[in-house]
Amino acid sequence: MFQPRRTNRGNIGSAVNFFELVYHSIVRSVRKQHNNAFAAIAINIMQTVIFVGVFYVMFSVLGMRGSAIRGDFVIYIMTGIFLFMMHTKTVSAVAGSEGPASAMMKHAPMTTMISLAAAALGSLYIQMLSLILIMSIYHLAFNPIVIYDTAGVFFMMLIAWFTGVAVGMVLLAIKPWAPSFTQIFTTIYQRANMIASGKMFLANSLPSFMLAMFEWNPLFHAIDQARGYAFINYNPRYSNWEYAVWVGVVLMVIGLMGEFYTRKHASASWSARR
């Protein structure tokens with residue numbers, strides 16, 4: 001308590017200390033859903049499996065399988081579901097991370113950047129682990145998986161995650177000022193992406209008047225590009241991953257600026273009446 005704090009750690013020591021704090025915060029964020037970490041991961045896996053199963057049945061019953069890409073139909077569904085889950089779960093995790101007025105910020109080593117990094121990386125860890133487990137089970141038990149460009153699909157997964165972090169950053173900066181609006185908007189954004197993400201159809205098959213309704217969404221571009229990398233016989237013409245990256249960069253800069261401003265002015269007394 002009365003010992004002087006050591007400040008001469010150097011760059012390497014400070015980096016090691018930062019990543020150690022991030023690691024422990026990631027463990028805390030993963031276990032936040034359930035006391036058992038395995039149960040928290042299993043819940044996410046079950047959500048993804050249910051999504052895949054529901055869309056498989058829906059496409060089969062409605063006779064929409066003919067509009068999909070020639071190839072493994074389950075891979076076609078998974079490329080949409082996995083990127084959708086990656087994006088929306090990351091938005092929810094980052095927007096719901098500890099803010100500047102949180103009780104966790106009373107602990108000296110803790111900062112909002114550590115909380116942000118933990119929420120983003122924790123979401124990435126859970127989604128990637130779920131993806132690997134589901135794909136492995138499908139590959140071993142049902143049908144061998146053949147992906148045209150695995151590195152390209154993985155890169156699109158990272159873009160979906162990055163844009164989710166960027167959107168969550170903006171919402172996190174707004175949350176102390178308008179918590180009810182942020183919660184409602186986050187829910188609306190997640191529900192809207194059920195359709196606006198384009199996971200149920202191909203950009204090449206859309207008429208021009210409908211294409212304009214989806215081009216604003218970076219997740220739409222990421223999913224369509226992922227299918228171009230996953231299937232050798234699909235060449236996306238109306239989407240590009242550069243747009244998604246630039247939207248993510250712009251939103252990230254706005255979110256960091258807003259978070260910095262909010263961190264300097266936020267007060268715990270703001271929520272005293274709520």
### Query
Hydrophobic clusters join Ile, Leu, Val, Met, Phe, Trp and Tyr when side-chain heavy atoms are under 4.5 Å apart, directly or via other members; which others share one with Ile50?
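Members other than Ile50 - counting any ILVMFWY side chain reachable under 4.5 Å - are Val54.
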### Task
Among Ile, Leu, Val, Met, Phe, Trp and Tyr joined by side-chain contacts under 4.5 Å, find the other residues sharing a cluster with Ile188 and list them by chain and number.
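Joined to Ile188, directly or through intermediates: Ile184.
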Contact summary for [X] and [Y], nearest pair of heavy atoms:
X: Pro236; Y: Gly228; value: CD-CA, 3.6 Å
X: Phe84; Y: Ile223; value: N-CD1, 4.4 Å
X: Thr90; Y: Gly164; value: CG2-C, 3.8 Å
X: Ala226; Y: Leu83; value: CB-CD2, 4.0 Å
X: Trp161; Y: Ala120; value: NE1-O, 2.9 Å

### Query
Which one of Ile147, Thr150, Asp149 satisfies the side chain to side chain contact (heavy atoms under 4.5 Å, CB included) criterion with Tyr229?
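The passing option is Asp149.
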Under a 4.5 Å cut-off applied to non-hydrogen side-chain atoms, are [X] and [Y] in contact?
X: Met128; Y: Phe154; result: yes
X: Thr163; Y: Val247; result: no
X: Phe185; Y: Leu171; result: yes
X: Phe162; Y: Met252; result: yes
X: Ile75; Y: Ile145; result: yes
X: Met169; Y: Leu256; result: yes
X: His87; Y: Tyr189; result: yes

Is a donor on one side and an acceptor on the other found under 3.5 Å between the side chain of [X] and the backbone of [Y]?
X: His221; Y: Ala244; value: no
X: Gln225; Y: Ser239; value: yes
X: Ser123; Y: Ala119; value: no
X: Thr79; Y: Tyr76; value: yes
X: Thr182; Y: Ala178; value: yes

### Query
Checking side-chain contact (heavy atoms from CB on, under 4.5 Å) for the pair Tyr148/Asn233: CA distance, chi angles, key distance, verdict?
CA-CA 9 Å; Tyr148 173 58; Asn233 52 11; over 6 Å; no
### Message
Applying side-chain contact (heavy atoms from CB on, under 4.5 Å) to Asn143 and Val74, what does each step give before you reach the verdict?
### Response
CA-CA 10 Å; Asn143 192 31; Val74 176; over 6 Å; no
### Task
Tell me, with the steps shown, if Lys89 and Ile126 meet side-chain contact (heavy atoms from CB on, under 4.5 Å).
CA-CA 10 Å; Lys89 290 284 188 179; Ile126 292 177; over 6 Å; no
From [atom1] ([X]) to [atom2] ([Y]), nearest 0.5 Å:
X: Leu131; Y: Ile81; atom1: CG; atom2: CD1; answer: 12.0 Å
X: Leu158; Y: Met86; atom1: CG; atom2: CE; answer: 7.0 Å
X: Leu219; Y: Ser197; atom1: CG; atom2: OG; answer: 5.0 Å

### Message
Once you measure the plane-to-plane angle for Phe155 and Trp241, does it fall in the parallel (<30°), tilted (30-60°) or perpendicular (>60°) bin?
### Response
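Phe155 and Trp241: perpendicular rings.
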#### Entry: Working for side-chain contact (heavy atoms from CB on, under 4.5 Å), residues Leu211 and Phe220
CA-CA 10 Å; Leu211 193 63; Phe220 172 77; 4.0 Å; yes
